Q: 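I have a structure here, written as structure tokens, and I will follow up with some questions on it.
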Protein chains: 2
Amino acid sequence: MVKFSKSTTIIHTVDVIFYKQRGFHAIIWFENERFVRRRGLGMITIKDIAEMANVSRSTVSRVLNNSGYVSEDARKRVEQVIKDTGYVPSTNAKALRTKKSKVIGVILPTIQTETPSRIVTGLGRELSKHGYQILLANTDHQKEKEMEYLQVLKIHQVDGIVLLATNTDKKLIEAIKKLNIPVVVVGQEVEGLLCVTYDDYQSARELTKYFIDKGHRKIAFIGVDESDRAVGYERKRGYLDEMAANGLSVEQSWVQKGVFNIHSGYEAMQKILETNNKPTATLAVTDRLAIGAMSYLREVGFNIPTDMAISGIGNSEMSQHLNPPLTTIDYENEKAGEEVAKQLLASMDSQQVAKKIVMDYRLIIRESV
Amino acid sequence: MVKFSKSTTIIHTVDVIFYKQRGFHAIIWFENERFVRRRGLGMITIKDIAEMANVSRSTVSRVLNNSGYVSEDARKRVEQVIKDTGYVPSTNAKALRTKKSKVIGVILPTIQTETPSRIVTGLGRELSKHGYQILLANTDHQKEKEMEYLQVLKIHQVDGIVLLATNTDKKLIEAIKKLNIPVVVVGQEVEGLLCVTYDDYQSARELTKYFIDKGHRKIAFIGVDESDRAVGYERKRGYLDEMAANGLSVEQSWVQKGVFNIHSGYEAMQKILETNNKPTATLAVTDRLAIGAMSYLREVGFNIPTDMAISGIGNSEMSQHLNPPLTTIDYENEKAGEEVAKQLLASMDSQQVAKKIVMDYRLIIRESV
DNA sequence: CCTTTTTAGGGAATCGATTCCACATGAGGG
DNA sequence: CCCTCATGTGGAATCGATTCCCTAAAAAGG
């Protein structure tokens, strides 16, 4: 309990106490075994703690940061007052002085798809263990907002930035480097920056190999624009390389391009089936594209996997509930998010240079192939 | 362009300039038509701007905040320097002084489901229009973290809090009220707080009525635990009331309870079909439950909607791609998020009291009923 | 032409922490 | 007994803004 000096005047024994000492006074009340300063009187500051514990602000700060010399006696008193009042130091004042905000900025194109939301979940889980918070900068797919948010994050003095980018714009990267704030880029490789990426090439290749092992020779591919290096370019390269490595040819009409939604997969499959030389399997670079493709296949009476085998990538929640359940690649995004946090924290206190982390993946075999 | 005084010494004409005036000096360089202070020299402050524009910090502040008297001449100079340097005031210093951080805290149980991620998207969209950022506090379904995050948000001096709660704990509500920070609760009604809710009762009722209008008399219901007032209790009440209003009886086995995932809907439907008095329609309180239920129906060879009609609630992205496309309720979560932002901003500058906003909903008729 | 009022802008305090520096003890070494 | 050194603590400057207060000049009014 707080020890009151002689000058403390108790007005109401149970719940309201007028506390006066060394010029400081405030109305505090008793509740849940702790003293709380009355709302509206402004927040409780280090000065108040110092006065209540009969020490200087310096000493309170030393206790708070566990630095410098503090006698056992003073420490005890300060800690007791802090406990009694529920005091927590203002992060703004702290940030102003130390230039460390305990906030990490996250720039992402959307949180409405599973990959980013899983990554952010993992990221937040790990960051919160170390007392960091996430400042969200959702560009909502508007590229011009990326730059804007970069500025916003800077002025909020974030200690680090996580960039979930799809298309890594040169200008943006330059701007990021100039900020001189530790950054981790997730999902895309960027020269000169710390990146946590997925093995898009290998996973697509392994998936293709799985089709081949299952006896398929004519394998189609539903991709996305190659300006997305990871999803568009690397996955396609994995597919093409594995086909070539097995001496399998690829008809032009088998390789279709969509965007990131279900309907796009539907249309792509429609185009794939327009050929006379029909493939027996299709690799879609996202589960949503695969779902759309399956939807079309069902519509035209194709049986999956006998008439057409299909796989996605991403292990969406829905994938296991499809009919048939979808074979796909699990990138363990939450784990990746945690890894991103670890890397970022590490690079924050050790001026670590650029480094590439490639995450593992798992082939999830279900009944669609 | 910055005007240099006589004492400015140009060392390198093109890219490095040594700028000295009234005691201030720094190395700046020319790039993209603007002067940038060298990295590592620390951030550029209002003091620098003041010195470059030959005015006092007070004047710069007045320009920045568009307050007090500033001559046209001085304003022009300051604005030019700000533009040239790309200066933006530190939000921490500002927050420390003004107690306004331009940050809104959002506490949510997860961002991995569509409802919260859509709400946050809408919220962020509207907030960013007014220069606010979102500080994310994802409890990851751990109730004990709610309180913890409340403290975190407080010490970060957030200007407002948005609570996306499923179960509104008394203690949490009390703690929120005590913080004395404007709050908006989304999706659940809480006494004494500003709430933006959905019309769970009416929408469930209308959906039930739709089944009845379609000729169904024996209608089953897949709900969730009633501790979730909105989804568990209100939607169930809407269903029961509409059934009663039409003189339709409800068999106990028709009313099942699940949790918020797909598999749970599968199991619920399994239980529903164990009865001899089989219903001809089922209302599931979320799309995911409906998807699971459909999955079971397909497995046991039921045709939808002829053998069993089914509907969900929530208008998930997947719902329109199901076979058959799912009849559901659209709550327009993004719009709700925007409304939340508007309400919060309004309550922030007008000490508005508690108020209930009930959002509209749309019945989305597809082929599953 | 003198007084009021408006306009302009600088100085200094302030917000809530951290941190450097100076000073005061007390213990130990010679 | 004096000197050094480890320990403990307070004072004051600082971080980067805002804002109150005060002074000065210009404009308006009589």
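Only this structure's heavy atoms are used, side chains among them; waters, hydrogens and symmetry mates stay out. Convention: sequence-line order gives letters A, B, ...; per-chain numbering from 1. No experiment lies behind these values; they were computed from the predicted model shown.
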Q: What is the separation between atom OH on A:Tyr69 and atom C1' on C:dT19, rounded to the nearest whole Å?
A: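 Value for this atom pair: 16 Å.
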Q: Output the rounded distance in Å from CG (B:Asn92) to P (C:dG16).
A: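 For the pair B:Asn92 CG and C:dG16 P, the rounded distance is 14 Å.
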Q: Could you tell me which residues satisfy side-chain hydrogen bond (donor to acceptor under 3.5 Å, both in side chains) with A:Lys143, sequence neighbours excluded, listed by chain and number?
A: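 A:Lys143 satisfies side-chain hydrogen bond (donor to acceptor under 3.5 Å, both in side chains) with no other residue.
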Q: Provide, to the nearest angstrom, the distance between the NZ atom belonging to B:Lys76 and the C1' atom belonging to C:dA8.
A: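 To the nearest whole Å, that distance equals 17 Å.
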Q: Under the side-chain hydrogen bond (donor to acceptor under 3.5 Å, both in side chains) rule, collect the residues that match up with B:Lys145, sequence neighbours excluded.
A: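 Expected list: A:Ser128.
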Q: Determine: side-chain N/O of B:Ser56 to OP1/OP2 of C:dG10, distance under 4.0 Å, yes or no.
A: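 Checking C:dG10 against B:Ser56, a side-chain N or O does come within under 4.0 Å of OP1 or OP2.
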Q: Nearest whole Å is fine: how far is D:dA17 C1' from B:Ile82 CD1?
A: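 Taking atom C1' of D:dA17 as the reference, CD1 of B:Ile82 is at 13 Å.
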Q: Can you tell me if A:Thr45 touches the phosphate of C:dC15, counting only side-chain N or O atoms and a distance under 4.0 Å to OP1 or OP2?
A: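 Checking C:dC15 against A:Thr45, no side-chain N or O comes under 4.0 Å of OP1 or OP2.
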Q: In whole Å, what is the span from the NZ atom of A:Lys47 to the P atom of C:dC15?
A: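 Result: 8 Å.
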Q: Does B:Leu345 reach the side chain of B:Lys129, with side-chain heavy atoms less than 4.5 Å apart?
A: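 No, every pair of side-chain atoms sits at 4.5 Å or beyond.
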Q: Would you mind reading off the distance between A:Arg77 atom CZ and D:dG8 atom C1', rounded to a whole angstrom?
A: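 Atom CZ in A:Arg77 sits about 12 Å away from atom C1' in D:dG8.
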Q: Would you kindly give the NZ-to-P distance between A:Lys100 and D:dT14, to the nearest whole Å?
A: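 Going from NZ in A:Lys100 over to P in D:dT14 covers 21 Å.
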Q: Output yes when A:Glu174 and A:Lys171 qualify as a salt bridge under the 4.0 Å nitrogen-oxygen rule, no when they do not.
A: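 Answer for the salt bridge query: no.
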Q: Which protein N or O atoms sit under 3.5 Å from an N or O of nucleotides 18-26 of chain D?
A:
| from | atom 1 | to | atom 2 | distance (Å) |
| --- | --- | --- | --- | --- |
| D:dT18 | OP1 | B:Asn65 | OD1 | 3.4 |
| D:dT18 | OP1 | B:Asn65 | ND2 | 3.2 |
| D:dT18 | OP1 | B:Lys94 | NZ | 3.3 |
| D:dT18 | OP2 | B:Ser61 | OG | 2.8 |
| D:dT18 | OP2 | B:Asn65 | ND2 | 3.3 |
| D:dT18 | O2 | B:Arg97 | NH1 | 2.0 |
| D:dT19 | O4 | B:Ser58 | OG | 3.4 |

Q: Give one of base, sugar-phosphate or nothing for B:Ala74, where a contact means two heavy atoms less than 4.0 Å apart.
A: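 Sugar-phosphate: the residue B:Ala74, judged by heavy atoms under 4.0 Å, touches backbone atoms but no base.
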Q: Whole angstroms only, please: what is the NZ-P distance between B:Lys154 and C:dG16?
A: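 Value for this atom pair: 12 Å.
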Q: With sequence neighbours left out, which residue pairs that include part of residues 57-73 of chain B fulfil the salt bridge (charged side-chain N to carboxylate O under 4.0 Å, His left out) condition?
A: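 Matches after skipping sequence neighbours: B:Glu72-B:Lys76, B:Asp73-B:Arg77.
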Q: Let me have the donor-acceptor pairs involving side chains of residues 148-159 of chain B, under 3.5 Å, with sequence neighbours excluded, atom names and distances please.
A:
| from | atom 1 | to | atom 2 | distance (Å) |
| --- | --- | --- | --- | --- |
| B:His156 | ND1 | A:Thr91 | OG1 | 3.4 |
| B:Asp159 | OD1 | B:Ser101 | N | 2.8 |
| B:Asp159 | OD1 | B:Ser101 | OG | 3.4 |
| B:Asp159 | OD2 | B:Ser101 | N | 3.2 |
| B:Asp159 | OD2 | B:Lys102 | N | 2.7 |

Q: Please enumerate all residues that pass side-chain hydrogen bond (donor to acceptor under 3.5 Å, both in side chains) together with B:Arg75, with sequence neighbours excluded.
A: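 Counting only residues at least two positions away or on another chain, B:Arg75 forms a side-chain hydrogen bond (donor to acceptor under 3.5 Å, both in side chains) with B:Asn66.
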Q: Heavy atoms under 4.0 Å, any strand shown: does A:Lys99 hit a base, just sugar-phosphate, or nothing?
A: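 Result for A:Lys99 = sugar-phosphate.
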